[in-house]
Amino acid sequence: MLPLSLMEIPKTYDPKQAEERHYARWEREGCFAPEINEDPNAPVYSIVIPPPNVTGSLHMGHALQHTIMDVLTRYHRMKGHRTLWLPGMDHAGISTQIMVERQLKKEGASRHDLGREKFVERVWRWKEQYGGQILKQMRREGASVDWSRERFTMDEHLSRAVREFFVRCYDEGLIYRGPGMISWCPKDQTALSDLEVDKESQAGKLYYLQYPSKGGERRVTVATTRPETMLGDTAVAVNPSDERYADLVGQTLLLPIVNREIPVVADDFVDPEFGTGAVKVTPAHDPADYAMGQRHNLPMVKVIDQNARMTAEAGAEFDGLDRYEARERVVQKFEELGLLEKVVDYEFAITKCGRCRTVIEPLVSTQWFLKQAELGRAPLELIREKHEPRFVPEAPYEKVYTDWLEKLYDWTLSRQLWWGHRIPAWYDEAGRVFVARTEEEARAKAGTDNLRQDPDVLDTWFSSALWPISTLGWPDEDSPDLKTFYPTSVLVTARDIIFLWVSRMMMTGMKFTGEKAFDDVFITGTIFDRAGQRMSKTKGNGVDPLDVFDKYGVDATRLVLASIGSTDTRWNDNQVESYRNFANKIWNAARFCLLNSEGAQVGRGFEGDSKTWALHDRWIVSRLNRTARDVGRAVEEYQFHEAVYALYHFFWDDFCDWYIELSKSEVTAPDSSPARDAARSRVLTVLEQALRLLHPFMPFITEELWQRLPGVGTDLLHSAYRQADVTPTVMLAAFPRADESLIDERAEAEMRSLIELISRVRNIRTEVMIRPNQRVDLLVETTDGQLLAFETKKQIQRLAGAENVWEKSREQWPRASAVAVLSGGRAVAVPLEGLIDFAQERARITREIEKSEKELQKLEAQLANPQFVERAPAEKVEELRQRAADIRQRTVALKQMLEALGE
RNA sequence: AGCCGGUUAGCUCAGUCAGGCCAGAGCGCCAGUCUUACAAACUGGAUGUCGAAGGUUCAAAUCCUUCACCGGCUACCA
């Protein structure tokens, strides 16, 4: 390989240039597909992406989740696992339908003008044209997903899975159709499950209304936030133990305005402490009242319709009024009747549609429901008994999940939409229902062709609940992918999705395969803006990941996101900037290595018995193996910030600041020699290993640099990929395995001493204001007759700016010297004659002495405490004694120095 | 209302589960430097009564109790 000139490698890393080049090649050459692994015995690692909305575009939360998933995927791939990360999207029923309806509206049409079939076609066209932005953006992130397995919840296969799920549950009686209290969105005109609505605290009023008894001899006051619903009241309830109302139970009241006779019932639900202790009961328009209505067999009077307008049953005066207009009218009427006791300010929770924020109207309506409680039993047992899946972090999510599974209620499945999986139920003319996988099957069951399919579609989450199995081939139970990749290794998602995805995926997975859907569940943190506010589109305070990529590069952004992991964090550009700088550091370190790579090759230079190597070589290999061990362990424990920390400090501090510096004179020797080439190879080899360690986190820069290293090729790939027909790539190189035998505590300790010595001398130079380019002489105390190695001396000269390094006993030092006492007790001195102002040096030493004495005092106080000496572990006591001795020795030395400098 | 989390340097966060390395990192700050890869760098430096008050312990950022502030989740208090 020809030597590279300075011109060929720019001084600054340009992320965009690298990012554009590598992703396309990885994808083209099939590096993301598990099939690239040709080891039949390879362990399997699989992740299915929690499907983002087809309408969605990338936000920080996604970028965070994707980074975590990609780090895990790339790490395990490099470990030689048969690795699959499966991408895809869900069809987002309501959002997508709204999106397309809005488009139609601009054209002056509605979906009803088009008709169902044409409308659905139109949605598909929309999807092809605008949908799935997020998948394109994932390429930018470097996400190593297997695009050949991309799935969409409306795909034919996944739709078949949905029908199968529905039919089986129906046959087992888990799915039923019937009336129930549901959350209705008057704007979107559909039923919603409780997970699609949000509770919001709101300032409102509490109205105290008086209901006279039938004979008029008494009035009962009830409190309500929704006076308009009184038109549908069919009872008043009190607590059975409430003596104030004991005589009223069983009596009849006359509902004002409508003049309906309603009973007073006793029910434990009523809290005597709240309001007046008497509650109006509107079974048709309130979930709690509905339940009470069931208990007491109360009639239901429907006074509000699906448009949130009053019905004829509310009375002619109110018929057709909006619910809020009706509220004012009712209150006004009560005032006129003299039955409005009072109105007080009151803060209460209001329920809104998760999509459009319209206030939900609770309604009784006929819908399809799933008895989740029965499906939830198996996952509940699993989490209670085996703590599976394993939640990371365990607290508080395992509990959140368990609590949820403990109180499952029926899930409203049907949606009054056109975009989605149509409910596989058909009705004959008599209204009898036939649930079947196909219309043909339904006809056979019904014995007639004259059937009409249920017009509703299923909740989008119904299909997402099947995602881990349906994307892998279920209901084909012998699907190879299902057999190979299920159960998946981990689900990575945000915490607000634990109920929507995690628990339901577990339910369906266990129901149909008997096995959990994933081994682990990693819950990411939430990213806030700088002010600590949740990022949201409406607030416009979101940080667009693509902007961050543009500004700092994808790799730097990924490093920040990986460090965030499961922690809630306020977004801060500084952090990205510092990792951008880190990327640049990597670039320039590699630049140095490459500019000095003639005659060198990756993988060479560390031959022979490690005991014969130079100290800094033993040290860097030890550090490298330690880092490999720490990073691997951290990734496997989902402690990504620890992995990033270890990588950052290994690369910058150990490799750049010390190893390269210590190797520099050899590496940059002007003439070719075996020693020079070996040194060059060693530096390259360490760099190459470091790039592998960094790759899961920083895929682009590592690939960009790895490709340029002399001597990289197929032989560096993990054995599972050596037969693959691909351009050698770091993403298929083996992730470095830590060799414990090369972790050399002694070398690390020796290097620590050397580093300390050099740092202390540098510190002295600054403190006594010696010019940076002024060479000094160094005196190093000889202890136990141990002399410094010739190499080490030369390194000290280079790195501490020393002209000469003399080893002499302390008595031989000139009196006027700046001295530092190192941890082991050994002292080092810089003779100052002619260099500096003695007064300054005296001041410096005095400060040092003060510091030492303060520390010593602390230690002595502790050691003087008999209880400490008695009860603390002996090693701990010994450790402190040793430290105290060191400090005493240091103080003595410093005092001698001070004396030597004269007063 | 119940449950849960957070509060550590000017900023963003580690460290707390398994108590003991004079409490850490990055950014920022101060001083100096173009020292043959890198000024997005190099060298050195300063910075915290670990939210408050009690308690347990030889020893507490870490364990216990109470409180304050911030945030979240759950809930059929109308």
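Sequence lines set the chain letters: A, B, ... in the order given, protein chains first and strands last, and positions in each chain run from 1.
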Has W652(A) got a side-chain N or O lying under 4.0 Å from the OP1 or OP2 atom of rC42(B)?
yes
Mutual orientation of the aromatic rings belonging to F655(A) and Y659(A) [parallel < 30°, tilted 30-60°, perpendicular > 60°]
parallel
For nucleotides rC4(B) and rC64(B), find the distance between their P atoms and express it as a whole number of Å.
12 Å
Atom CG of D654(A) and atom OG1 of T627(A): how far apart are they, to the nearest 0.5 Å?
6.5 Å
Would you say K11(A) places a side-chain N or O within less than 4.0 Å of OP1 or OP2 belonging to rC38(B)?
yes
Can you pull out the residues from residues 269-282 of chain A that lie within a 4.0 Å heavy-atom distance of RNA chain B?
F269(A), V270(A), D271(A), F274(A), V279(A)
With sugar-phosphate meaning primed atoms plus P, OP1 and OP2, does F640(A) contact a base, only sugar-phosphate, or nothing at under 4.0 Å between heavy atoms?
nothing
If you take atom types as modelled and just measure distance, does the side chain of R495(A) reach the base of rU74(B) with a donor-acceptor pair under 3.5 Å?
no
What is the distance from atom CD of Q795(A) to atom CG of L757(A), rounded to the nearest 0.5 Å?
12.0 Å
Could you check whether the side chain of E767(A) and the base of rA31(B) have a donor-acceptor pair of N or O atoms closer than 3.5 Å, going by distance alone?
no
Can you see whether Y346(A) has K205(A) sitting over its ring - NZ or CZ less than 6.0 Å from the centre and within 45° of the normal?
no
If only side-chain N and O atoms of N763(A) are considered, is one of them under 4.0 Å from the OP1 or OP2 phosphate oxygen of rG45(B)?
yes
N/O (side chain, T567(A)) to phosphate O (OP1/OP2, rA14(B)) under 4.0 Å:
yes
Can you label the angle between the W404(A) ring and the Y409(A) ring as parallel, tilted or perpendicular, going by 30° and 60°?
perpendicular
So what is the 5' to 3' dot-bracket string for RNA chain B, if pairs are Watson-Crick or G-U wobble with both distances under 3.5 Å, crossing pairs use [ ] and | means the partner sits on another strand?
((((((((.[[[[.)....(...]]]].(((((.......))))).....[[[[[..)....]]]]])))))))....
If you compare every side-chain N and O of N581(A) against the phosphate oxygens of rA41(B) (OP1, OP2), does one of them come in below 4.0 Å?
yes
Is the shortest side-chain N/O distance from R771(A) to OP1 or OP2 of rU33(B) below 4.0 Å?
yes
Give a yes/no verdict on a cation-pi contact between K664(A) and F592(A), requiring under 6.0 Å between NZ or CZ and the six-membered ring centre and an angle within 45° of the axis.
yes
